[in-house]
There are 2 protein chains.
Amino acid sequence: MDSRTSNSSYPTALAPSAEISSQPGTVISRPVELPAGARSLEVLCAKCKLRETCLSGGLPAEDLARVENIVFARRRVKRNEHLFDAGDEFRCIYAVLTGFFKTSLGDSEGRDQVTGFFMDGELLGMDGLGSGCYKDSAIALEDSDVCAMPYSLIEGVARQVPSLQHRLHAVLAREIVRGHGIMMLLGSMSAEERLAAFLINLSKRLLQRGYSGSSFVLRMTRDEIGSYLGLKLETVSRLFSAFHRDGLIEVQQKQVSIVDIKGLERLLAPRN
Amino acid sequence: MDSRTSNSSYPTALAPSAEISSQPGTVISRPVELPAGARSLEVLCAKCKLRETCLSGGLPAEDLARVENIVFARRRVKRNEHLFDAGDEFRCIYAVLTGFFKTSLGDSEGRDQVTGFFMDGELLGMDGLGSGCYKDSAIALEDSDVCAMPYSLIEGVARQVPSLQHRLHAVLAREIVRGHGIMMLLGSMSAEERLAAFLINLSKRLLQRGYSGSSFVLRMTRDEIGSYLGLKLETVSRLFSAFHRDGLIEVQQKQVSIVDIKGLERLLAPRN
DNA sequence: CGAGGTGTTGAGATTTGTCAACCTACGTGG
DNA sequence: CCACGTAGGTTGACAAATCTCAACACCTCG
């Protein structure tokens, strides 16, 4: 069973998406084909609780109907399945409906870097824009559902709906800024500061989504956290233990409770 | 005198821009005001040698004229001047015509991180899109000229010229991908590998622009390189010396010659 | 119930940072 | 045009942070 459901701090807020057909046969693990004109009638951005972070966020009601035409289909992605891989042809931007993803980047020398973790409402695949193929891989860390938004449709609607055009630019810029934040994290912060920042960020994003920000289950391994933070898994593990010892958090494997968020925040401000 | 001109490897290829008025009085160091309709008649993307990396890159000839309307004005930025600062109202995306910039990001705790170096043809300010203000600061590392492209105009033209819309998305995505590359650099590479990657990258970009890729003058200090690479300036300095000792490069202060590019590339591939 | 993936912890090695001294180059102003 | 001041660069000795290797514990899933 999905470990999320064993954590009482997660509400079942996303029930609507439970109607998605989940028979194995309908699971499409490579980019969907796009029979022009077809689309899932179940998708209604106007009723989606995740709209604020998603592409439709902040759009005036009168434009929403147009934008809903973009959402071609939902797609179920099982744990460890790849939503897309680096090098796959770029067709869609995806919005996470439920679940949790990592994106990672490999280089020719065998290095592997986790470039982000994505939860409900967040967008995946924007790096594929313009070049024809995705530059990193998106992998589900738990069974997940996504909305697939074909770029060909986004382009067309964006030309006709300025609010969407503007919004698209905003989410692209947000991704650029996110990158800059990680550069600061990796370039200017100690291991301790990085992990504190990571936990605080995770906590905030969970809270925004109506989950508990103080008690949650990590969806990723120590190794994945380490890759993301530029640390070895042992260092991450030791820091979890140290934070626990110092009364900042409770940890037991993937279950984390933040006991003293102020204390974590103080770790980020050693200067002054 | 500008140190670039003392380096014979730099051609004077960008002569046309030398006509820009450079009396102190015309130097505008804050974002230009935008008297609607006005624009510099000297700007002709069609004739610009930097078009390939710039916003107008790859556009069909018939669309270029429309796009040229976007370029509102050139602006001269003196060494150490700020093209924009984090928090300034976002109005324009800038293309570097001549010169060299760094972008850097400060946080509330006084950390400071260089997020990029930008040379001719490269674009600055895209992180300001959507949020109304720039998120980082752009500082000229030598006297520079930029093209200012007001976002309000870009938006309008992009709606009417699909090729520009597509191109805009592509350059935004390119910036996202650049960020991912730096994450890999900072998260997965040793100090030695980072500096080697930095030099190789610089060399490639200079070569693309018709400069020498093997002999060049660094525009930034060791401290700025260090910030960008997540290293201390002493470490950067030691590595330069070590590369010199190993016969990979010649260094004397800011003057660098790459002697053995293959050797540098080998440093990036220690695995195998 | 066993296997394999994941997490923890220790000891010691290595890399990188810190502090300090000194050197070099460049721009400014006399 | 030179002298000086200052920012930037180099190098050494040492300290500290992080990694490596290794052993073992835990947990989940089949």
Side-chain angles (χ1 to χ4, degrees), chain A residues 1-7 78-80 102 111 114 139 141-143 185-196 217-246 249-256 267 270-271, chain B residues 1-7 78-80 102 111 114 139 141-143 185-196 198 217-245 249-256 267 270-271:
Chain A
M1 165 163 252
D2 175 359
S3 61
R4 170 176 286 183
T5 58
S6 68
N7 175 354
K78 291 217 168 294
R79 192 155 106 93
N80 296 325
K102 71 169 176 181
R111 270 177 284 258
V114 172
I139 298 151
L141 297 182
E142 63 179 347
D143 292 356
L185 182 120
L186 293 171
S188 311
M189 289 169 56
S190 69
E192 187 180 73
E193 292 168 335
R194 291 181 208 183
L195 188 63
V217 174
L218 297 172
R219 294 285 124 70
M220 69 296 277
T221 65
R222 300 290 188 263
D223 195 27
E224 287 162 338
I225 297 172
S227 172
Y228 180 66
L229 298 178
L231 302 170
K232 294 297 162 185
L233 65 94
E234 294 95 330
T235 304
V236 173
S237 180
R238 273 185 244 278
L239 286 168
F240 271 120
S241 301
F243 286 179
H244 192 173
R245 192 180 332 109
D246 299 345
I249 63 175
E250 301 274 335
V251 212
Q252 201 165 17
Q253 311 281 131
K254 290 195 151 74
Q255 172 66 52
V256 173
L267 288 182
R271 305 154 186 69
Chain B
M1 165 167 254
D2 175 358
S3 61
R4 171 175 287 185
T5 59
S6 68
N7 176 352
K78 291 218 169 292
R79 193 157 105 91
N80 294 326
K102 71 168 177 182
R111 270 176 283 256
V114 172
I139 298 151
L141 296 182
E142 64 179 347
D143 293 356
L185 183 120
L186 293 171
S188 312
M189 288 168 57
S190 70
E192 187 180 74
E193 291 168 336
R194 291 181 208 184
L195 188 63
F198 172 75
V217 174
L218 297 171
R219 296 284 126 71
M220 69 296 277
T221 66
R222 299 289 188 265
D223 196 28
E224 288 163 336
I225 297 173
S227 173
Y228 180 66
L229 298 179
L231 302 170
K232 294 297 162 184
L233 66 93
E234 294 94 330
T235 304
V236 173
S237 181
R238 273 186 245 277
L239 285 168
F240 271 121
S241 301
F243 286 0
H244 192 172
R245 191 180 333 108
I249 63 175
E250 300 274 334
V251 214
Q252 200 166 19
Q253 310 280 130
K254 290 196 152 74
Q255 172 65 52
V256 173
L267 287 182
R271 305 156 187 69

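Quick caveat: nothing in here was measured; it's all calculated off a predicted structure. Proteins get letters first, then strands, A, B, ... in listed order; numbering begins at 1 in each.
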If you fit an axis to the five pairs at each end of the helix from C/dC1-D/dG30 to C/dG30-D/dC1, how big is the angle between those two axes, to 10 degrees? 50°
Taking [atom1] from [X] and [atom2] from [N], how many angstroms apart are they, rounded to a whole number?
X        : N      : atom1 : atom2 : result
B/Leu229 : C/dT15 : CG    : P     : 18 Å
B/Gln253 : D/dT11 : CD    : P     : 10 Å
B/Asp223 : D/dT10 : CG    : P     : 13 Å
B/Leu239 : D/dT10 : CG    : C1'   : 13 Å
A/Leu231 : C/dG7  : CG    : P     : 15 Å
A/Leu218 : C/dT6  : CG    : C1'   : 13 Å
B/Arg222 : C/dT24 : CZ    : P     : 15 Å
B/Phe240 : D/dT11 : CZ    : P     : 13 Å

What is the nucleic acid contact for [X], judged by heavy atoms within less than 4.0 Å: base, sugar-phosphate only, or nothing?
X        : value
B/Leu233 : base
A/Ser237 : base
B/Gly226 : nothing

With the sugar-phosphate defined as primed atoms, P, OP1 and OP2, and the base as all remaining atoms, what B/S/- string results for nucleotides 18-23 of chain C, 5' to 3', for protein heavy atoms under 4.0 Å? BB----
Atom [atom1] of [X] and atom [atom2] of [Y]: how far apart are they, to the nearest 0.5 Å?
X        : Y        : atom1 : atom2 : value
B/Leu218 : B/Phe198 : CG    : CZ    : 6.0 Å
A/Arg222 : A/Glu234 : CZ    : CD    : 12.0 Å
B/Leu231 : B/Ser237 : CG    : OG    : 12.0 Å

Charged N to carboxylate O under 4.0 angstrom, A/Arg219 versus A/Glu142? yes
Identify whether the distance between the nearest side-chain nitrogen and carboxylate oxygen of A/Arg111 and B/Glu193 falls below 4.0 Å. yes
Quick one: are B/Tyr228 and B/Ile225 in side-chain contact, heavy atoms under 4.5 Å? no
So do the side chains of B/Val251 and B/Phe243 get within less than 4.5 Å of each other, counting heavy atoms only? no
Any donor-acceptor pair under 3.5 Å linking the side chain of A/Asp143 with the backbone of A/Lys78?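 Judged by distance alone, no pair lies under 3.5 Å.
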Main-chain N/O of A/Ser188 paired to A/Arg194 side chain as donor or acceptor, under 3.5 Å: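 No, because the side chain of A/Arg194 does not come within donor-acceptor range (under 3.5 Å) of the backbone of A/Ser188.
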Taking OP1 and OP2 of C/dT6, is either one under 4.0 Å from a side-chain nitrogen or oxygen of A/Lys254?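 No, A/Lys254 has no side-chain N/O under 4.0 Å of OP1/OP2 on C/dT6.
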Side chain of B/Ser190 (C-beta onward), nearest among D/dG9, C/dT8, C/dT16: C/dT16
Among C/dT24, C/dG7, D/dC19, which is the nearest nucleotide to the side chain of A/Thr221?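 Side chain of A/Thr221 sits closest to C/dG7.
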Taking side-chain hydrogen bond (donor to acceptor under 3.5 Å, both in side chains) as the definition, give me every residue that meets it alongside B/Lys102, ordered by chain and number, with sequence neighbours left out. B/Glu224
5' precedence on DNA chain D between A/Glu192 and A/Gln252 (nearest-nucleotide basis): A/Glu192
